[in-house]
Amino acid sequence: MSVLENIKNEEELLKKFKPADQAQSVKDLSELDQEEVLRLKKTGVDLDAKNRLGTFLQTNCGVVSCSCHVQGVEMLPITEALKKYNGLSDYYWKLIDPDKDVFTREAREHLDNGYFIRAKKGQKVVYPLQACLYIRNDNVSQRVHNIVVAEEGSELHIITGCTTHPHLTSGLHIGISEFYVKKGAKLIFTMVHNWAEEVYVRPRTAVVVEEGGTFLSNYVSLKGVKSVQSFPTCTLKGKGAIARFNSVIVAPEGSYIDTGSRIILDAPETRGEIISRTISYGGHIIARGHLVGKAPDIKAHLECQGLMLGQKGIIHAIPELEAHVPDVDMSHEAAVGKIAKEEIEYLMARGLSEEDATSTIVRGFLNVKIEGLPKELDDELQKAVEECRKGM
Amino acid sequence: MLHIEDLWVDVHGKEVLKGIDLHIGKGETHCLFGRNGSGKTTLLMTIMGFDGYQVKHGKIMFKGEDITHMPLNERARLGLGLSFQRPPTLRGVKLRDMLRLCGNGSDKGVQLAIEYGFESFLDREVNLGFSGGEIKKSELLQLLSQNPDLTLLDEPESGVDVENLNVIGDMIRRLLEKDKHRNRTKSGLIITHTGFILNYVTADRGHVMLDGRLVCHGNPIDIFERIQQNGYEECAKCQF
C-alpha cells in the first residue's frame with residue numbers, strides 16, 4: 001500500500017467513529033455494573049484494591065474518578081492540569097510533534113481528556129497508581145493525552161488499563177503519552193490492552209530519561225483487536241540512564257498488531273533492553289525493535305521471540321541496530337518458529353500429555369518477568385495460554 | 001519388568017536395530033556397552049517411545065503390557081523413565097516447576113534438590129546455561145521426582161567431574177533402590193562408555209551392542225575389563 005493511500009485510509013478511519021464527547025459519559029463509579037468492574041479488573045484496574053495508591057478512570061470523554069492518596073504525588077485530569085499550570089508548557093507536546101500524523105492532529109484538535117501524574121522530588125511510591133481509559137459505547141473514538149513526570153529522585157509505578165465495554169465491538173482509541181523521568185528517578189509503566197474485535201488503537205508515546213534515571217515499560221495485549229499501531233520511543237539523554245521494554249503480545253485470528261519500541265541511547269553509559277514475546281494463532285504481528293547508539297560506552301540488547309501456533313497468521317520480526325559512534329555494545333537475538341517437537345517430547349517423557357506439554361511451553365514462553373503484574377492479569381495470562389493451545 | 005523380542009528399528013529409513021532380544025527382571029540393573037553409533041541410544045529411545053524410531057518388527061513388553069506402539073507419555077505414566085543426554089532448554093519454565101510436573105504435583109523433587117545442594121538452580125530455567133554435570137543432576141532429580149520402575153540412563157557420567165560423580169552415583173543408587181537387598185522393585189538400563197558408573201552403581205548384567213545387535217552378555221565388570229583389554233572386536237566372538 002502506498003503512503004498516500006495509507007494516509008487516506010487513516011483519515012477514513014477517523015470519520016468512521018463518533019467523537020467521545022458525543023457519547024454519554026458516566027458520572028459516578030456506581031453506574032458501572034458488575035460485569036464492567038470485572039472487565040476492568042481483568043485489564044489490571046481494580047476499583048476495590050487496597051494496594052493502589054490512586055485511581056484515574058475515564059469513560060469515553062468523562063473523568064469518573066481521579067484520586068490519589070499519597071502526598072507528593074499529584075494526579076489530575078489533563079484538562080485541569082493544563083488550566084492549573086498554564087498549558088503545561090514544559091511538557092505538553094514537547095516530545096511528540098502534533099503534526100506527526102492524522103491521529104496526533106486529531107488529539108490536539110479534539111482532546112477528550114487524559115491524565116497528568118507527577119511524583120514530586122524524592123517521593124518514592126511503594127504501590128502502583130492505576131489509570132483506566134475505558135471506551136464504554138460502541139463506535140466511539142476516544143482521544144486522550146497523558147503526561148507523567150517523575151521528578152528528581154522519585155519513584156512511581158503506574159498501571160494503565162485500556163479497554164472497552166464487555167459487549168462492545170468497535171471503537172478507536174488515540175492516546176498521546178509524554179513521560180519525563182528526571183535525574184535519578186524511576187518510572188515503571190505497565191500497560192494492559194484488553195480490546196475488542198473491531199477496535200483500532202493508535203498510541204503515540206515518547207519518553208525522555210535524564211541522568212541516572214530508569215524507565216521500565218511493560219506492555220501486555222492478550223485479546224483480539226482489529227488493529228494496533230504503536231512504536232513508543234524512549235530517549236536516554238542523561239549519563240547512566242536505563243530503559244527497558246517488555247512486551248507480551250498474543251494475536252488471535254483477525255488481529256493486526258504492529259508494535260515495537262525504540263530506545264535512543266544519547267548519553268554515555270546508558271543501557272537499553274527491549275524484550276518481546278509474541279504469539280500468533282492466526283493474527284498478524286509486526287514486532288519491531290530499534291536501538292540507536294549515539295554516545296560512547298552504551299550497552300543495549302534486543303530480543304524478539306515469536307511463536308507461531310496454528311497454520312494461519314504472520315509474525316514479522318524487525319530488529320534494528322543503529323550505531324553512530326564506535327564505542328557501542330549493541331546486540332540482538334530474534335527467533336520465530338513453532339514449538340520445537342523435542343521440547344514437547346521432553347515433557348511427554350515425564351508423563352505429561354501432549355496438550356499439557358504444549359501449555360507448559362507456551363506459558364514458559366510468555367513468562368517474561370513483569371514487575372508488579374496484578375494477580376488477575378496473571379490469571380488472564382494463563383487463560384490466554386489455553387486459548388492459544390486450543391487455537392493450534 | 002522389560003521383555004524385548006526380536007526388535008528391528010529404522011531411523012530415517014535406515015535400519016539401526018537388527019533383532020534385539022533383551023530381558024530385564026524386576027530389581028535388576030543392566031549395562032549396555034558399545035561403540036558410538038552402534039545403536040545403544042536408539043534402543044533406549046525406542047523403548048521410551050520417541051517419534052522417529054520406527055519399529056519394523058518385534059515387540060516390547062513392559063510390566064506385562066505390550067507397549068510397542070504406546071504413546072510416549074503413557075509409557076512414562078506406566079513407569080518408564082529416561083534421562084536425556086542433551087535435553088532441550090525450556091525457556092521460562094523453572095526447574096522447581098518442572099520437578100513438580102514430573103512428580104505429578106509432589107514436592108519431593110524440590111526437597112531432593114535442596115538435599116543434594118542444587119537449591120540455587122530451582123528458580124533457573126530448565127537447562128538454560130547448565131553445565132554437563134548440572135544437566136545430569138537436573139535430569140536425575142526429575143527422574144527421582146517421577147519415580148519410574150524402569151530407568152533408562154544414557155551415559156549418566158559423561159561431562160561430570162570426579163567430585164560430582166559421587167553425587168550422580170548416589171542419585172542413581174537411590175533411583176534404583178540399591179540400598180534394598182530384598183524386594184527391590186526398581187530396574188535400570190544404563191549406557192556407559194567409560195564404565196566409571198560401575199564404581200558407584202552395581203549392575204547385574206552387561207550387554208555389548210555391535211552394529212544393531214546384542215552380541216555379548218554377562219557380568220558387566222568382566223565384560224568391561226575385556227573391552228578395555230581387547231576392544232569391541234573381541235566382543236563379536238563373545239567369550240561369555
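Below, chain A is the first sequence line, B the second, and so on; all start at residue 1. Quick caveat, the model's predicted, so the values are computed rather than measured. Only heavy atoms go into these numbers, but all of them, side chains included; no hydrogens, no water, no symmetry mates.
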* Asked: Above 12 or not: heavy atoms from other molecules or residues under 6.0 Å from OH of B/Tyr116?
  -> yes
* With a 4.5 angstrom heavy-atom cut-off, could you sort out which part of B/Asn127 is near chain A: side chain, backbone, both or neither? => side chain
* Geometric class of the B/Phe121/B/Phe118 ring pair [parallel <30°, tilted 30-60°, perpendicular >60°] -> parallel
* Asked: Which region of B/Ser145, side chain (C-beta onward) or backbone (N, CA, C, O), has a non-hydrogen atom less than 4.5 Å from a non-hydrogen atom of chain A, or is it both or neither?
  -> neither
* Between A/Tyr256 and A/His284, how do the two ring planes meet: parallel, tilted or perpendicular, split at 30° and 60°? -> perpendicular
* Structure fact -> So, the part of B/Leu72 with a heavy atom under 4.5 Å from chain A: the answer is both
* Structure fact -> The interface call for B/Leu143 against chain A, heavy-atom contacts under 4.5 Å, is side chain
* Structure fact -> Cut-off 4.5 Å, heavy atoms of chain A, and the answer for B/Asp51 is both
* To do: Below 4.5 Å from any heavy atom of chain B, which atoms of A/Tyr346 appear? Answer side chain, backbone, both or neither.
  => both
* Structure fact -> Assert top hit (heavy-atom pairs under 4.5 Å, partner chain B, pool A/Lys341, A/Glu354, A/Arg363) equals A/Lys341
* Where is the tightest heavy-atom contact between B/Ile60 and B/Thr68, given as atom of each residue plus distance? -> N-OG1, 2.9 Å
* Name the orientation class of the two ring planes belonging to A/Phe215 and A/Phe245 (parallel below 30°, tilted from 30 to 60°, perpendicular beyond 60°). => perpendicular
* Heavy atoms from other residues, nucleotides or ligands near NZ of A/Lys312 exceed 12 (cutoff 6.0 Å) -> no
